[in-house]
Amino acid sequence: MPLDPARTVADLKELRELTGDENGAQRVAWTETWERAREWLREKLGGLPLEDQIDEAGNQWWTLRGASDRAVLIGGHIDSVPNGGWLDGALNVVAGVEVVRRLAGDGEPAATVRLVNWADEEGARFGRSLFGSSAAAGSMADQDELRERRDSEGVSLPDAVGAYGVDLDRALEARSQLDGAAAYLELHIEQGPVLESLGLPLGVVLGTFGVERHQVTFRGQAAHAGSTPMDKRRDALAGAAKLELEIREIAARVGGGAVCTMGGVVTRPGIVTSVVETAECLLDQRHLDAHQLAEMLSNAEAASRRFAREEDVEVEWDRIWNIEPILFDSELIELADESIREVAGTSHWLPSGPLHDAAEVSRAGIPTVMLFVQSLRGLSHTKLEDTKDEHLELSVQALERLAAKTIERL
Ligand SMILES: [Zn+2]
């Protein structure tokens with residue numbers, strides 16, 4: 001059976017009609033609309049020689065048995081944020097349907113092929129992203145905290161997932177799903193502006209950025225705005241302002257795709273008649289290379305101490321969260337690059353700023369790679385999220401090539 005990439009686009013539009021409204025996609029995990037999307041997916045795969053099951057973490061699996069038990073996994077997530085885009089997550093799953101359909105049409109493949117729809121990638125309702133994939137990867141270590149989480153209506157996470165057959169205490173048993181997994185492939189929209197700015201439809205993802213997230217607090221002295229001469233001030237905001245401008249220089253110096261963001265500054269007392277006593281800054285730094293990320297962090301720390309001295313204030317750093325960069329498999333990166341060049345002529349290698357389920361699978365030691373397809377205007381998590389139909393079709397072709405090449409290599 002030949003691959004029919006146009007069918008993927010038509011299916012995605014059907015899903016958009018079924019689970020979206022005038023504000024965008026509404027497939028928030030652990031809701032009726034999400035369940036409707038899962039049921040729709042089951043129907044799309046009905047009639048194919050697949051085993052289907054839902055694991056202990058709510059992930060949906062379809063297995064096409066091959067000559068070998070070693071499995072190539074293709075995965076995505078059908079859940080969305082509220083008022084989300086039609087493609088984020090769903091593209092990977094629906095393209096995977098077409099690839100599995102095509103492989104099943106050729107009889108028994110040389111390796112087992114499994115399609116997975118990860119549960120609650122977005123974490124939109126309870127603020128816990130990558131729920132299903134972290135359970136399967138064995139990295140979910142926050143069950144005690146998850147037990148306490150509630151949504152905005154006061155419903156607890158265990159009750160919400162329980163309504164869909166998931167017992168939080170048993171979610172980690174989903175780990176057995178990765179037994180025998182030899183490769184994990186994920187196609188996703190880029191959700192950024194890089195491929196569009198290069199005029200390219202597709203790119204190979206090298207890995208996901210490491211992140212260092214800190215609160216940086218400058219402390220000076222509140223003093224009257226009228227009676228305190230300029231040279232007698234200990235202005236905490238002056239230190240923060242200098243740091244905000246310096247992080248851009250640091251990112252430019254370190255290079256290699258480095259990004260830094262000061263996402264918030266809260267000043268106290270925060271009144272027009274007082275010099276700022278404390279300025280609490282939220283700083284996010286990201287890089288694909290662990291050493292360069294560490295260098296960015298130490299440069300920013302050193303700069304903040306210099307500015308503190310210059311302004312006669314104090315500075316203190318508190319880590320909010322961090323994660324190491326996750327690098328994808330070099331052999332699969334080569335196969336992905338070949339696949340893209342075959343269908344689109346030119347390929348491009350780029351890192352991923354956002355985390356994806358692929359990062360969890362890769363952390364579990366499964367060789368992993370992702371393909372990105374161009375996003376129009378770089379927009380995602382909004383109803384404005386879009387990709388040209390022709391690029392979506394090319395992405396399905398590239399995923400199919402990549403799956404075939406991966407099966408051949410096993
Ligand atoms: Zn996604």
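Keep in mind it's a predicted model, so treat the numbers as computed, not measured. Both ligands and their constituent atoms are indexed starting at 1 by order of listing.
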Inspect the contact between [Y] and [X] and indicate whether a charged nitrogen and a carboxylate oxygen are less than 4.0 angstrom apart.
X: Glu39; Y: Arg36; value: no
X: Arg219; Y: Glu314; value: no
X: Arg149; Y: Glu145; value: yes

Legend entry - Protein N, O or S atoms lying under 2.8 Å from the Zn ion (ligand 1), listed by chain and number: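 Checking every protein N, O and S atom gives His77 NE2, Asp88 OD1, His188 NE2.
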Inset, instruction - Name all residues meeting the side-chain hydrogen bond (donor to acceptor under 3.5 Å, both in side chains) criterion together with Asp52; count only those two or more places apart in sequence or in a different chain, and write none if there are none. - result: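 With sequence neighbours excluded, Asp52 shows a side-chain hydrogen bond (donor to acceptor under 3.5 Å, both in side chains) to no residue whatsoever.
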Legend entry - Within 45° cone and under 6.0 Å: Arg38 NZ/CZ vs Trp34 ring: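 Relative to the ring axis of Trp34, which defines the angle, Arg38 lies inside both limits.
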Inset, instruction - Indicate the atoms forming the closest heavy-atom contact of Leu3 with Gln397, along with that distance. - result: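 Leu3 and Gln397 have their closest heavy atoms at CD2-CA, 3.8 Å.
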